Structure formats: C-alpha cells, structure tokens
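As the structure lists them, so they are numbered: ligands from 1, and atoms in each ligand from 1. Given the structure is predicted, the values throughout are model-derived calculations rather than measurements. All values below come from the heavy atoms of this structure, side chains included, with hydrogens, waters and symmetry mates left out.
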Amino acid sequence: MNETLLWKILQSELVAGGNGIVRAWYFGNPMSIHLQPRRTIDELKQLRGLTGDEAGAQRVAFTETWAKAREWYRTLLAELPVEVHTDEAGNLWATLKGESPQALIMGGHIDSVPNGGWLDGCLNVLAGLEVMRRFHAEYDGKPPLTIRVVDWADEEGARFGKSLFGSSACSGNLDLDEARGLKDRDGVSLPDAIAVHGIAFENVKTSGKELEHAAAYLELHIEQGPVLLDLDLALGAVLGTFGVERHAITFHGQAAHSGSTPMNRRRDAFLAAAKMSQEIYQIAARSGQGVCTIGSCITKPGIVTSVVEECRITLDQRHLDAAALAGMLDEAKAASKRFAMEGNVQVTWERIWQIAPRPFDPELIALCDDAIRETCGISHLLPSGPLHDAAEMAAAGIPTVMMFVQSLHGISHNRIEDTKEEHLAQAVIAFDRLAEKTMQWVRISHLGF
Ligand SMILES: [Zn+2]
C-alpha cells in the first residue's frame with residue numbers, strides 16, 4: 001500500500017470514532033482475534049471426507065455429490081445471520097448486509113474435476129466464509145460494506161467441456177447458442193442436466209443482476225503450478241489471467257515411398273511441423289512471461305512406409321499482455337511460412353479459440369501484495385496461466401484481484417494436489433487482510449467515507 005492510501009485510511013478511521021482504534025490495531029498486527037484459519041483447514045478436511053474418495057475429490061458440477069457438498073456448506077452458512085440464495089445460473093450467494101449496499105464479493109467454486117484435488121476452488125468458498133465470519137464478529141453484524149461470498153456453478157466445465165459456466169452467465173459473456181448444444185458423455189444436454197438442479201437454461205444470464213452493487217471481487221486459489229514452490233514462497237499476488245490464442249496449423253506436402261524417394265526429393269510435411277516444435281520455445285523465451293504448447297500432432301497417411309503428406313499440429317499460446325500475445329502469434333505464423341518454404345510444402349492456419357488477457361486491478365494488486373508481505377514478510381507477483389472465475393468478474397468491469405497459495409508438487413486437478421497447512425493458514429490470514437484493505441479502499445475511492 002502506498003503511504004498516502006494508508007494515511008487516508010487511518011484518517012478515515014479517526015473520523016469514524018472508537019472503532020478506528022480497533023482498525024488501526026488490526027492493521028499493525030498479524031491477524032484479527034476473530035479469524036480462525038484452523039477452522040477453515042478443518043472444514044476443508046470435512047468436505048474432503050464427505051465428497052472425496054481414494055481417487056480424489058468427486059464434486060463434479062450438477063451431480064449428486066456436488067449437491068451434497070453445497071448442502072453441507074449451507075449448514076455452515078446457517079450459523080450466520082446471512083441471506084442465502086441461488087441465482088438463475090445456479091450460483092450460490094451468501095450476503096451479510098452492511099451499512100452500504102456496495103458489496104465486497106469473495107468467490108470460489110465447490111465443484112471439482114473428477115478425481116480432483118481437495119483445495120481447488122473450495123479453498124476460497126471456505127476462506128471467504130471465514131472472512132465473512134470475521135467481518136460479522138468485528139463489526140457487530142454490520143460492516144461498512146455489504147460482504148458477499150459466492151460459490152460459482154460449474155467453474156471446471158468437467159462434464160460439458162465449458163469452463164466458467166456460472167460466472168460467465170453472470171458476467172454476460174456466456175454464449176447461449178454454444179452452451180445450449182453441449183452434451184456430456186452420455187448424451188445428456190447441458191440445459192437438461194441443469195434443469196434437474198432447478199436451473200432454467202434460457203434464464204441463466206438474468207443472474208447478472210447480482211453484480212449490480214459489486215464494488216470489488218477477490219479470489220483466493222491454489223496456484224496449480226510450480227512458480228511459488230520453486231521460489232519457496234507461500235503466497236503470491238496475481239496480475240491477471242493469460243490471454244489465449246489457440247490454432248490448428250496444417251502443413252501440406254506429398255506422400256512418397258519411404259524406400260524409393262531420395263532425401264533431397266521429399267516434400268515432408270512432418271519435417272516442417274517438427275521445426276515448429278523447437279521454434280515455439282524460442283518464441284516463448286523472447287516474449288518474457290509467455291508460454292507456447294504444441295499439444296497434438298496428426299500425420300497422414302500415418303503409415304511407416306510413407307513420407308508424411310499432411311501434418312496437423314495444434315498450437316496454444318498464452319500471455320498476460322495483449323500486444324506480446326499478438327507478437328507471439330505473428331512470430332509463429334512467420335516461422336511456419338519459413339519452414340514451409342524451406343521444405344517445399346504449404347501451410348494453412350485455422351483459429352480454434354481465442355480469449356483476451358484479463359489484467360486485474362493495479363490498486364487491488366498492490367493491496368494484495370501488501371497483505372501478503374504483512375503476513376509472510378515476502379510476496380511475489382505472478383500471472384495466472386489457467387482461467388478462473390475472477391477473469392469473468394474482471395471482464396465485467398469489477399475491480400478484481402486474486403491471491404495464490406503455493407501448490408506442493410506444483411500440481412492440481414489431481415488427487416495429490418496439496419498445500420502445507422501452515423501455508424493454508426497464512427493464506428486465510430493474508431486473504432482476510434486483503435478483504436479488510438479492499439473494504440477501506442472501496443470506502444475511500446468510491447464512497448468517500
Ligand atoms: Zn479452480
């Protein structure tokens with residue numbers, strides 16, 4: 001936090017009266033007496049026991065186990081005087097009314113992939129609940145801002161292949177025509193599957209009204225990668241989610257007998273495609289923080305005795321900066337043409353999917369960085385490779401930031417996903433500090449009190 005902002009907050013607390021002393025005390029101390037990070041860890045374990053098996057978490061959205069997880073979560077919410085409802089897209093909202101209707105939203109997802117990890121998504125549903133309990137206790141049931149915790153429906157898209165269902169319906173970005181036609185492995189359509197859980201497909205975007213008073217959105221998540229692990233850090237502030245360019249690249253050569261065709265006479269589509277494999281590592285390195293992946297390669301005729309006539313590879317490129325992402329794409333296109341020319345083959349490109357980078361709010365990133373530093377002594381800024389519900393909130397124009405906690409093994413979407421308990425506790429404490437700072441930030445920058 002910059003000093004001016006801190007000073008403004010302290011000044012506003014002095015004006016606010018007696019409670020300001022408590023607030024100033026809170027800013028200078030490790031954590032509020034009302035916050036119990038241990039409770040969050042215990043609840044995460046309870047949820048794991050209730051909805052996981054030896055293969056991992058089984059809370060796939062719109063299944064009975066998912067509904068059971070939510071039912072359990074509702075019993076926890078029932079201990080607080082909060083309003084609880086499900087919106088038109090199946091997102092579960094808990095609201096602690098504050099003095100202002102302007103809302104600080106904390107979001108996560110209780111759904112998991114099949115055989116998933118025990119922390120992905122549900123960490124913030126439960127950390128958010130703990131922070132909400134703290135706000136309730138510390139402000140005698142009425143914090144200055146309204147505090148909301150949302151459990152987004154079907155973040156993972158494990159069943160229908162469409163991630164961020166609930167949050168994209170809420171942000172207005174969901175493509176209804178595309179989603180309407182999605183089917184699971186058994187041929188059940190998405191509209192039919194959600195109808196079982198009381199959700200009317202054609203109305204899902206009405207859920208956007210939930211964001212009417214949204215002043216800020218915060219999300220704590222397990223990193224799902226090895227960056228914090230390799231740096232030996234517990235927590236990091238997230239700069240935004242990567243933009244993605246996903247393309248199919250097809251090289252067209254000529255099939256020819258593997259025995260009778262001299263090497264200098266070949267028009268080998270695979271040779272040109274294979275050169276791309278090395279090139280993308282250099283493109284990624286030149287881009288700074290970008291990543292590139294060739295995830296698939298199909299050759300035709302695909303037999304051992306023929307030079308490859310046609311080779312189709314897929315290229316996935318990601319970067320936090322839109323111009324850098326566009327630059328990576330241009331470089332890959334230029335390289336593919338060069339390799340095609342060198343090998344006397346043709347190349348064609350086809351876009352499969354694309355999404356713009358979603359940078360988070362610079363001031364909230366700074367507050368997040370401060371909250372981590374105050375909790376752990378050291379922080380780190382990093383982008384997010386995976387998409388998260390937070391990306392939808394940022395796209396909806398809500399000031400947004402995420403906090404990452406270290407993944408042991410640097411792995412997620414796997415039953416071995418794990419985080420040290422000491423890091424989970426630090427995550428809850430730092431996230432609570434971020435929530436408090438954000439509330440003060442909203443008061444000063446938006447509400448002027
Ligand atoms: Zn997740």
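The cationic atom of Arg59 (NZ for Lys, CZ for Arg) does not lie both less than 6.0 Å from the six-membered ring centre of Trp66 and within 45° of the ring axis.
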Identify every side-chain donor-acceptor pair in residues 273-286 under 3.5 Å, counting partners at least two apart or on other chains, and give the distances.
| unit_1 | atom_1 | unit_2 | atom_2 | d |
| --- | --- | --- | --- | --- |
| Lys275 | NZ | Glu342 | OE1 | 2.8 |
| Arg286 | NE | Glu331 | OE1 | 3.0 |
| Arg286 | NH2 | Glu331 | OE1 | 2.6 |

Let me have the donor-acceptor pairs involving side chains of residues 228-239, under 3.5 Å, with sequence neighbours excluded, atom names and distances please.
none

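Closest approach of Asn124 and Met106 over heavy atoms only: ND2-C, 4.1 Å.
Residues meeting the ring-ring contact (aromatic ring centres under 6.0 Å, His included) test with His409, sequence neighbours left out: none.
Distances under 2.8 Å from the Zn ion (ligand 1) pick out the protein N/O/S atoms His109 NE2, Asp120 OD1, His221 NE2.
For His446 and Trp441, the gap between ring centers is short of 6.0 Å.
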